[in-house]
Amino acid sequence: MGLEEYRRSVSESKRASILRAARAAFLKDGFSRAAVAEIANMADVSTATLYKHFESKEELFAAVAKDAAMAVGDYSNLLDPDIAPREAFLTLSRAYLATQFENHVNDLMRIIIAEVPSHPELAREMMDLIVGRRHRSLQNVLDKLVAQGMLRPHDTALSAKLASGMIKELFVWPALFNADFRLPEDTEVKIGMAANVFLARYGIDTTGQGMT
């Protein structure tokens, strides 16, 4: 390994440590109460080193959220090419819930919402990273299902929001207002009902006519 490559490797390792420490600090204390000095200490770097990688706490939080967003809402390679529409809806819903609950996205969203009055630009950026990115990815999947004749032609930008809206109403909103909320035992039943509602509006019946 050459000197430049070694330095780059060390820098990337320190950046990753800072992001891990910052994520833990923000989830524990929120954005406003989390201290940069404490994050640097947790990452085993100096405060100067932290600021070398991230110019402000806002930029650091944005990087943490962006890192989390990379695991949220990328549905491009999630579905098999010949998957049935109902199973596609169930698979997408399960992926949605897994990232929300297993990757602490609900917790990050609480922090973001709390910072809307004092950091509106940061909140808007996080809205696009987490929510907007997921809607765009979901819309792309729905466009493919329409092109394959699995769904009737329709406004997929709207249907993507309607589909995710049902899941939010059933599971995400309760979690945002109750940190102890866990997915209920009848989760599969509920997302199955949401799938039925979605396909009643946008599905194709066995005769090739739009379902009503």
With no hydrogens and no angle check, is any side-chain donor or acceptor of Lys57 less than 3.5 Å from a backbone partner on Ser32?
yes
Tell me, with the steps shown, if Asn103 and Leu108 meet side chain to side chain contact (heavy atoms under 4.5 Å, CB included).
CA-CA 9 Å; Asn103 291 328; Leu108 283 172; over 6 Å; no
To the nearest 0.5 Å, what is the distance between CG on Asn41 and OG on Ser46?
11.0 Å
So, do Met109 and Gln100 sit near enough that their side-chain heavy atoms are less than 4.5 Å apart?
yes
Compute whether any side-chain donor of one residue and acceptor of the other, for Thr156 and Ser159, lie under 3.5 angstrom apart.
no
If you define the side chain from C-beta out and look only at heavy atoms, does anything of Phe61 sit under 4.5 Å from Ile112?
yes
Once you round to the nearest 0.5 Å, how far does CG of Asp107 lie from CZ of Arg23?
8.5 Å
Closest approach of Ala160 and Leu138, non-hydrogen atoms and distance?
O-CD2, 3.5 Å
CD1 of Ile18 to CZ of Arg15, rounded to nearest 0.5 Å, is 8.5 Å
Donor-acceptor check, side chain of Asp155 to backbone of Ala157, threshold 3.5 angstrom: yes or no?
yes
Are the side chain of His135 and the backbone of Arg133 linked by a donor-acceptor contact shorter than 3.5 Å?
no
Working to the nearest 0.5 Å, report the span between CH2 of Trp173 and CD1 of Ile167.
14.5 Å
Those residues at least two apart in sequence (or on a different chain) that pass ring-ring contact (aromatic ring centres under 6.0 Å, His included) with Phe198 are Phe89, Tyr202
Please check this pair: side chain of Ser137 against backbone of Arg134, looking for a donor-acceptor N/O pair closer than 3.5 Å.
no
Taking CE in Met42 as the centre, count heavy atoms belonging to other residues, nucleotides or ligands within less than 6.0 Å. Is the count above 12?
yes
Please report the interatomic distance CD1(Ile191) to CE(Met166), rounded to the nearest 0.5 Å.
11.0 Å
Charged N to carboxylate O under 4.0 angstrom, Arg136 versus Asp128?
yes
Is the side chain of Asn178 donor-acceptor paired with the backbone N or O of Asp180 at a distance under 3.5 Å, no angle test?
yes
If I compare all heavy atoms of Arg110 with all of Ala175, which pair ends up nearest, and what's the gap?
NH2-O, 2.6 Å
How long is the gap from CG on Asn106 to CD1 on Ile111, to the nearest 0.5 Å?
11.5 Å
What about Val197 and Val189, same hydrophobic cluster or not, with Ile/Leu/Val/Met/Phe/Trp/Tyr joined at side-chain heavy-atom distances under 4.5 Å?
no
Side chain to side chain contact (heavy atoms under 4.5 Å, CB included) between Thr47 and Ile39: does it pass, once the steps are laid out?
CA-CA 8 Å; Thr47 303; Ile39 292 172; over 6 Å; no
Got Tyr51 and Val36 here, is their nearest side-chain heavy-atom distance under 4.5 Å?
yes
Just wondering, do Pro81 and Lys144 contact through their side chains at under 4.5 Å, heavy atoms?
no
Where do Val172 and Val105 land on the side chain to side chain contact (heavy atoms under 4.5 Å, CB included) test, with the steps shown first?
CA-CA 10 Å; Val172 176; Val105 173; over 6 Å; no
Test Lys52 against Ser11 for side chain to side chain contact (heavy atoms under 4.5 Å, CB included), laying out the working first.
CA-CA 10 Å; Lys52 181 179 178 180; Ser11 178; over 6 Å; no
Does a side chain donor of either Ser118 or Glu115 reach within less than 3.5 Å of an acceptor in the other side chain?
yes
Validation row: Leu199, Arg86 side chains within 4.5 angstrom (heavy atoms)
yes
Taking Met193 as the starting point, is it possible to reach Leu162 by hopping between hydrophobic residues whose side chains are less than 4.5 Å apart?
no
Is Pro85 close to Leu145 at the side-chain level, that is, under 4.5 Å between some pair of heavy atoms?
no
Mind checking ring-ring contact (aromatic ring centres under 6.0 Å, His included) for His119 and listing every partner two or more places apart, or none if nothing turns up?
Phe31
Shortest non-hydrogen contact from Ala40 to Leu50?
N-CD1, 3.9 Å
How about CG on Asn196, more than 12 heavy atoms from neighbouring residues, nucleotides or ligands closer than 6.0 Å, or not?
yes
Kindly give the heavy-atom pair with the smallest separation between Val146 and Pro153, and that separation in Å.
CG1-CA, 3.7 Å
Does a sphere of radius 6.0 Å around CD in Glu169 hold more than 12 heavy atoms from other residues, nucleotides or ligands, not counting ones at 6.0 Å or beyond?
no
I'd like to know whether NZ of Lys14 has more than 12 heavy-atom contacts from other residues, nucleotides or ligands below 6.0 angstrom.
no
Is it the case that Arg182 places NZ or CZ above or below the six-membered ring of Phe101, under 6.0 angstrom from the centre and within 45 degrees of the axis?
no
Please tell me whether Leu129 and Ile113 are part of a single hydrophobic cluster in this structure, the criterion being side-chain heavy atoms less than 4.5 Å apart.
yes
Between Arg152 and Arg201, is there a donor-acceptor pair closer than 3.5 Å when you use the side chain of the first and the backbone of the second?
yes
For Arg94, is there an ion pair with Glu87 - N to carboxylate O distance below 4.0 angstrom?
yes
Can a side-chain donor-acceptor contact be found between Arg20 and Ser17 if the only test is distance below 3.5 angstrom?
yes
Closest approach of Ala34 to Ala25 (non-hydrogen atoms, all atoms of both residues):
CB-O, 4.1 Å
On a heavy-atom basis, which atom in Leu79 and which in Ala88 lie closest, and how many Å separate them?
CD1-CB, 3.8 Å
Evaluate the side-chain proximity of Tyr96 to Phe171: yes if any heavy-atom separation is below 4.5 Å, no if none is.
no
Can you find a pair of side-chain heavy atoms, one from Ile204 and one from Met150, that are under 4.5 Å apart?
no
